[in-house]
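Okay, structure first, notes after.
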There are 2 protein chains.
Amino acid sequence: MRTASLASTDGTEAAPGVQSVDRALTILDILARLGEAGVTEIAGELGVHKSTAFRLVATLEAHGMVEQNEGRGKYRLGVGVLRLAGATTARLDVVQEARSICRKLAADSGETVNIAVLSDRSVLYVDQVAGQSALQAHNWVGQHIPLHATSNGKVLLSGLSSDEVDARLPRLPSYTPDTVTTRAKLRRDLALVRDQGYAVAVDELEIGLTAIAAPIRNAHGDVIASLSVSGPTFRLGDLRVKELIPVVQDAADEVSRRLGHGSS
Amino acid sequence: MRTASLASTDGTEAAPGVQSVDRALTILDILARLGEAGVTEIAGELGVHKSTAFRLVATLEAHGMVEQNEGRGKYRLGVGVLRLAGATTARLDVVQEARSICRKLAADSGETVNIAVLSDRSVLYVDQVAGQSALQAHNWVGQHIPLHATSNGKVLLSGLSSDEVDARLPRLPSYTPDTVTTRAKLRRDLALVRDQGYAVAVDELEIGLTAIAAPIRNAHGDVIASLSVSGPTFRLGDLRVKELIPVVQDAADEVSRRLGHGSS
DNA sequence: CATTGAGTTGCGACATACGCAACTAGGACC
DNA sequence: GGTCCTAGTTGCGTATGTCGCAACTCAATG
């Protein structure tokens, strides 16, 4: 999102360049939103004449971007979209899309940023961007970390059903006095995470270590990864944590958006 | 090479409707094929002036359909495509109904689960749920895959008549030494699939790749989609495959039931 | 420092895409 | 079964929006 240029244009609706193309793409958006729509309805939304809408739709249809119910029916998105999506996802993975956002987050917060995914019975760290602070936690990438004792773990678990959680956690070993060791507490924590959309863990894995994590979701809304900011507890007090929570959430949401989440 | 000459000068192709929209969509096709391209390159493929290509691309960018590498870079498909794809699959009731079942199957088996439908002359993957690791190894969604070299393909073909099969497979290209390349063998395989109610493909598309698929049927009993579990051959040996076959069949049957099959 | 090559923008000519209105066909209501 | 009504489809002339040109900016390369 080219920072400057875009901000100026989306105030109301600026002439985006090629009118008919803009309209055609808007039709796709409309169909994405409504699921199905007739020519007249589309024309209404666009504020153009029926025939114009029809021709645009016909062109989209020729490219497989939309399909018609049958003979005379309404229109809906077509498989051409999926073909394009295939080509997009080919080069799309969480780490790549998240990298620039993580860098920015690390620079803004000064703390270490991590991306983690669920791997069998543990949290797998797949990327890390160090903060500016000299006091550096070691590199977690490639490490397997307990699911129940980290903010990332709780976020990842929050996307699973209760059964799946139990299956992945036969035991709840303790690492510090603050580690969650009972299923009841864990269940409560996960419900809270689901509700709030973030997780915080203070001194649960290691004394003096605080982390804030938020979920990264794919186009279907599934939690596929977790993004966290972590640092020493003395730097991340209650106040600072409160400040950082929305920042972490925004970053995670932005990554999710890049992965196609947000249409629903 | 499919296009570039869509609306050129010759009358081979019927006027596709709106020229600029046609060109814009062709740009998306080009980017899907090349992965990345600059304005000049696109203009060359389209046979139009640089500035024309630029304006079309700019319009696509305003809708998030393409993105620019940075400041002055090349263009590639953007996240808008994924948003649309999400809306497209959300509309397919097969995907909707199958989603939760797929997730369970993926969790239970630890392998990747796919839903595929027949699209012209290939298998079109419309949904995928990764196995143990939430990090998707390779997302096939939107990809077109040969019909005769995959378990999904065989399942989908098994619902067609012999004539239809021939019509969709003018040739049987080989991908590995184990690919089915003769019609006689294919016919035998399909008969077996019909008889057994599942298909297995080992090293037929790619060496080291094994897949098990079963049909999803609608209320009329037609095969409308295929559900598969796939993974590396070293993890899916004979024994494991034998274990998984009924599991895959059960899952597919459950989806079929939700779509109204067998309930009447 | 010149040069090349890429993306970007103002402008005028003219091709094109638009709106209009007439047409067709399916469905609903009588 | 007929008639009306709605919604998708098509021919046509014209104003509109789009295209090609050429000039510009900016980076990288020599």
Side-chain angles (χ1 to χ4, degrees), chain A residues 1-9 13-28 30-31 34-63 65-78, chain B residues 4-11 13-27 30-31 34-63 65-78:
Chain A
M1 300 266 166
R2 331 286 87 80
T3 48
S5 65
L6 193 125
S8 62
T9 55
E13 192 83 51
V18 182
Q19 187 192 51
S20 52
V21 174
D22 181 57
R23 286 174 169 169
L25 297 176
T26 304
I27 289 177
L28 294 179
I30 290 171
L31 289 177
L34 301 182
E36 249 190 11
V39 168
T40 312
E41 191 175 2
I42 293 171
E45 292 255 355
L46 277 179
V48 301
H49 195 268
K50 264 201 312 184
S51 61
T52 303
F54 171 74
R55 270 181 272 264
L56 294 170
V57 168
T59 310
L60 289 168
E61 189 181 21
H63 281 260
M65 301 294 286
V66 306
E67 296 165 350
Q68 204 170 13
N69 262 351
E70 50 215 55
R72 281 295 175 103
K74 298 180 165 227
Y75 288 88
R76 44 172 216 251
L77 291 174
Chain B
S5 61
L6 244 180
S8 297
T9 46
D10 48 39
E13 180 101 22
V18 181
Q19 188 192 47
S20 51
V21 173
D22 181 58
R23 286 174 170 169
L25 296 177
T26 305
I27 288 177
I30 290 170
L31 289 177
L34 302 181
E36 250 191 12
V39 168
T40 311
E41 190 175 3
I42 292 171
E45 292 256 356
L46 276 179
V48 300
H49 194 269
K50 262 199 319 181
S51 62
T52 303
F54 172 73
R55 269 181 275 263
L56 294 171
V57 167
T59 309
L60 289 168
E61 189 182 19
H63 280 259
M65 301 294 286
V66 307
E67 297 167 348
Q68 204 169 14
N69 265 350
E70 50 213 54
R72 284 293 180 96
K74 297 178 165 228
Y75 288 89
R76 48 168 212 249
L77 290 175

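Order of the sequence lines fixes the chain letters, A, B, ..., with proteins taken first and strands second; residue numbering starts at 1 for each chain. Everything numeric in this text was worked out from a predicted model, so none of it was measured.
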Take the protein atom CZ of R23(A) and the nucleotide atom P of dT16(D), then report the distance between them rounded to whole Å.
-> 12 Å
Rounded to whole Å, NE2 of H49(A) lies from P of dG17(D) at a distance of 16 Å
Give the rounded distance in Å between these two atoms: CG of L56(A) and P of dT10(D).
-> 15 Å
Identify, between S20(A) and Y75(A), the residue whose nearest nucleotide on DNA chain D lies closer to the 5' end.
-> Y75(A)
Starting at CG of D22(B) and ending at P of dA15(C), how long is that distance when rounded to a whole Å?
-> 19 Å
N/O (side chain, T40(B)) to phosphate O (OP1/OP2, dG5(C)) under 4.0 Å | no
Using the closest heavy atom to pick a nucleotide of DNA chain C for each, name whichever of K74(B) or V48(A) lands nearer the 5' end.
-> K74(B)
How many Å lie between CZ on R55(A) and C1' on dG19(C), as a whole number?
-> 9 Å
From the candidates dA17(C), dC19(D), dG19(C), the one with an atom nearest any side-chain atom of V18(A) is dC19(D)
Integer-rounded Å distance: dA17(C) C1' and I27(A) CD1 | 13 Å
Rounded off to whole Å, could you give me the CZ-to-P distance for the F54(B) and dG10(C) pair?
-> 10 Å
So does S51(A) reach the base of dC20(C) with its side chain, donor to acceptor, closer than 3.5 Å?
-> yes
Looking at E36(A), E67(A), E61(A), which hits salt bridge (charged side-chain N to carboxylate O under 4.0 Å, His left out) with R76(A)?
-> E67(A)
Q68(B) CD to dA6(C) P: how many Å, rounded?
-> 15 Å
Donor-acceptor pair present, K50(A) side chain and dG8(D) base, under 3.5 Å = yes
Here the pair of heavy atoms bringing L56(B) nearest to R23(B) is CD1-CB, 3.7 Å
Heavy-atom check, side chain of E41(A) versus side chain of L34(A), under 4.5 Å = yes
Of the nucleotides dT10(D), dA17(C), dC18(C), which one has an atom closest to the side chain of Q19(B)?
-> dA17(C)
Keeping the roles fixed (side chain from T26(A), backbone from D22(A)), state whether a donor-acceptor pair exists under 3.5 Å.
-> yes
Looking at side-chain heavy atoms only, is the closest gap between L77(A) and M65(A) below 4.5 Å?
-> no
Which one, dG19(C), dT18(D), dG7(C), comes nearest to the side chain of V39(B)?
-> dG7(C)
